[in-house]
2 protein chains.
Amino acid sequence: MFELLNEVGIIAQLSRAMLESHLDEGLTVHHFTALNHLVRLGDGKTPMDMARAFQVPKTSMSHTLAGLEKRGFIQLVPNPADGRGKLVLLTDAGRELRERAIQSLTPQIAQMIPQFGLDEARSILPTLRKLRALLDGARDG
Amino acid sequence: MFELLNEVGIIAQLSRAMLESHLDEGLTVHHFTALNHLVRLGDGKTPMDMARAFQVPKTSMSHTLAGLEKRGFIQLVPNPADGRGKLVLLTDAGRELRERAIQSLTPQIAQMIPQFGLDEARSILPTLRKLRALLDGARDG
DNA sequence: CTTGATAAGTACGATATCGTACTATATGAT
DNA sequence: ATCATATAGTACGATATCGTACTTATCAAG
């Protein structure tokens, strides 16, 4: 089990480095990850939602979002349902940036496929999802 | 493929958070990861070896190792084979610290096993190893 | 033996991360 | 309605990360 998590950690580190090398200067992996999250799961989340999802302190998320807002990739608007809070909205520029980053990354990923095997990749996905769900639950259980 | 790496990234993030919650104050995940690397693969590596292995800048590794040395968990000695370099040696305290951290983490990991299934964990390990090797090679090729 | 190029580690400054303390709003009990 | 408690976000300071520039040592070529 430790072995498994260790291996996963190394893979994540290597793929993060790969992603980083495809991002324009001034844009960090955290920025991309936040944009990607919003595109995949839908925007209109609160900053706290995102901090919890990424397991980072709210001050860190606040900083990341401030950077994205300053560059026009997201918009922070007051939360109509909660006077204390805000909502994070994607801008077109934000969607485009995320799309461009993925496009830039694609050739390098695609290059790995013949050696790796899509079937094999697909076959382990359900297990990984289960593991993620389990870890996700373990933090409040 | 993106899906796979994304899932792996989330799992790594969650398990890192779990590990972090089991470390004494003042000790970071980076510290633990470095110690773990030395125990698993043997000490006597150079700082540069480790920086490359973790894909971090040498200045970052230098800082992490300085922290470990200050607390007595490793020892930095001149490299007899290279006057420019140093070698990283584990101390007994370092080995013990790593062992204690793992012991502290074990119950929480063990708790997941019944729900997850060891067979399933074992079955995806070879594929993950292959993926790691592929990513590892992709950075210079 | 010199010279030029490369590599290991350090110094230092810019930015990122994150804990603590704070403000403002929400929520629940009475 | 009032008050206690909890929550969203911000301010700020301490530490971490990492890029650039530098020092020192290696190594290949002549």
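Just so we're on the same page: letters track the sequence lines, and every chain starts at 1.
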Could you check which of D:dC18, C:dA7, D:dA16 has an atom nearest any side-chain atom of B:R84? C:dA7

Could you check which of D:dG9, C:dA8, C:dA16 has an atom nearest any side-chain atom of B:R52? C:dA8

For B:V88, the option from B:N79, B:T46, B:L65 that meets side chain to side chain contact (heavy atoms under 4.5 Å, CB included): B:L65

Can you tell me if A:H63 and A:S60 form a side-chain donor-acceptor pair at under 3.5 Å? no

Between A:P57 and A:G83, which is nearer to the 5' end of DNA chain C once each is assigned its nearest nucleotide? A:P57

Residue whose nearest DNA chain C nucleotide is more 5′ - A:H31 or B:P47: B:P47

Please classify the nucleic acid contact of A:D82 as base, sugar-phosphate, or nothing, using heavy-atom distances under 4.0 Å. sugar-phosphate

Quick one: label A:T59 by what it contacts on the DNA or RNA (base, sugar-phosphate, nothing), any heavy atom closer than 4.0 Å. base

Working note: A:N36 + A:I102, criterion side chain to side chain contact (heavy atoms under 4.5 Å, CB included); need CA distance, chi angles, decisive distance, verdict. CA-CA 10 Å; A:N36 197 41; A:I102 289 181; 4.3 Å; yes

Can you check the B:K86 NZ to D:dA25 C1' distance for me, whole Å? 14 Å

Quick one: A:L76 CG to D:dG9 P, roughly how many Å, whole number? 9 Å

On a heavy-atom basis, which atom in A:I109 and which in B:L5 lie closest, and how many Å separate them? CD1-CD1, 3.6 Å

